[in-house]
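Remarks on the structure that follows.
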Amino acid sequence: LRTMGNSAAVNGDLEEAIRYWDEAIALKPTHGLYAIYSNRSAGNLTLGRLEEALADAEETLRLAPPDFITGHIRKVDALYALKRFPKALRALEECSNTHPEYADTPEYKVGQTEIQAHQCVCFTYPAEKDIDVA
């Protein structure tokens, strides 16, 4: 079921992919369950189901072996999409603490810069309701 979901995702049918992954998760396999949650997290993120993507990313981290960096990345992506920038930055830092080699990658540096930039915007500008447009 996991590979069928993966194939559906590659073919662009994320709804079908998620149905396969849902079925696979329901079977509670003894191996690879974390990878199914990870895939479903990515699918939910792409479909804009951000809370579901975050929940799946957190379950991925709970189940995955320590060397599975993808769970951390899924969590950062979901938090970023949810505009929870301080939490996204903390998740990114947790990822680099667990996987120090990741902190040297261009992806890490770009992610860190983008998250920090959004934090600055959020804390620099007043909320729209506070802006005097008269």
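Positions are given from 1 along the sequence. Side chains are part of it too, since the values below use all heavy atoms of this structure and drop only hydrogens, waters and symmetry mates.
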Judged by atom type as modelled, is there a donor-acceptor pair below 3.5 Å linking the side chain of [X] to the main-chain atoms of [Y]?
| X | Y | answer |
| --- | --- | --- |
| Ser41 | Tyr37 | no |
| His72 | Glu93 | no |
| Thr113 | Lys109 | yes |

If you define the side chain from C-beta out and look only at heavy atoms, does anything of [X] sit under 4.5 Å from [Y]?
| X | Y | result |
| --- | --- | --- |
| Leu79 | Lys75 | yes |
| Thr60 | Arg74 | no |
| Pro29 | Ile36 | yes |
| Pro65 | Tyr34 | yes |
| Tyr102 | Ile73 | yes |
| Glu52 | Leu47 | no |
| Pro66 | Thr98 | no |

Exercise. Show your working on salt bridge (charged side-chain N to carboxylate O under 4.0 Å, His left out) between Glu51 and Arg84 and close with a plain yes or no.
Key: CA-CA 11 Å; Glu51 292 292 345; Arg84 296 179 189 163; 2.4 Å; yes
Hydrophobic cluster membership, with links at side-chain heavy-atom distances under 4.5 Å among I/L/V/M/F/W/Y: are [X] and [Y] in one?
| X | Y | answer |
| --- | --- | --- |
| Leu45 | Leu54 | yes |
| Trp21 | Leu33 | yes |
| Tyr108 | Ile69 | yes |
| Leu89 | Leu82 | no |

Practice problem: Decide side-chain contact (heavy atoms from CB on, under 4.5 Å) for Leu61 and Phe68; before the verdict, give the C-alpha distance in whole Å, the side-chain angles of both, and the deciding distance to 0.1 Å. | Solution: CA-CA 8 Å; Leu61 286 171; Phe68 190 71; over 6 Å; no
Quiz item: Closest approach of Gly5 and Ala17, non-hydrogen atoms and distance?
Solution: O-CB, 3.1 Å
Exercise. Please name the pair of heavy atoms, one in Ala9 and one in Leu14, separated by the smallest distance, quoted to 0.1 Å.
Key: CB-CD2, 3.9 Å
Self-check item: Under-4.0 Å salt bridge between Arg62 and Glu59
Solution: yes
Exercise. Indicate yes or no: does Glu15 engage Arg49 in a salt bridge with an N to O separation below 4.0 Å.
Key: yes
Quiz prompt | Gap between atom NE2 of His99 and atom CD of Glu94 - 0.5 Å precision | solution = 11.0 Å
Self-check item: Atom pair OH (Tyr20) and CG (Asn6), whose distance is rounded to the nearest 0.5 Å
Solution: 12.0 Å
Practice problem: Check Glu114, Glu107, Gln112 against Val110 for a side-chain contact (heavy atoms from CB on, under 4.5 Å) and give me the one that passes. | Solution: Glu114
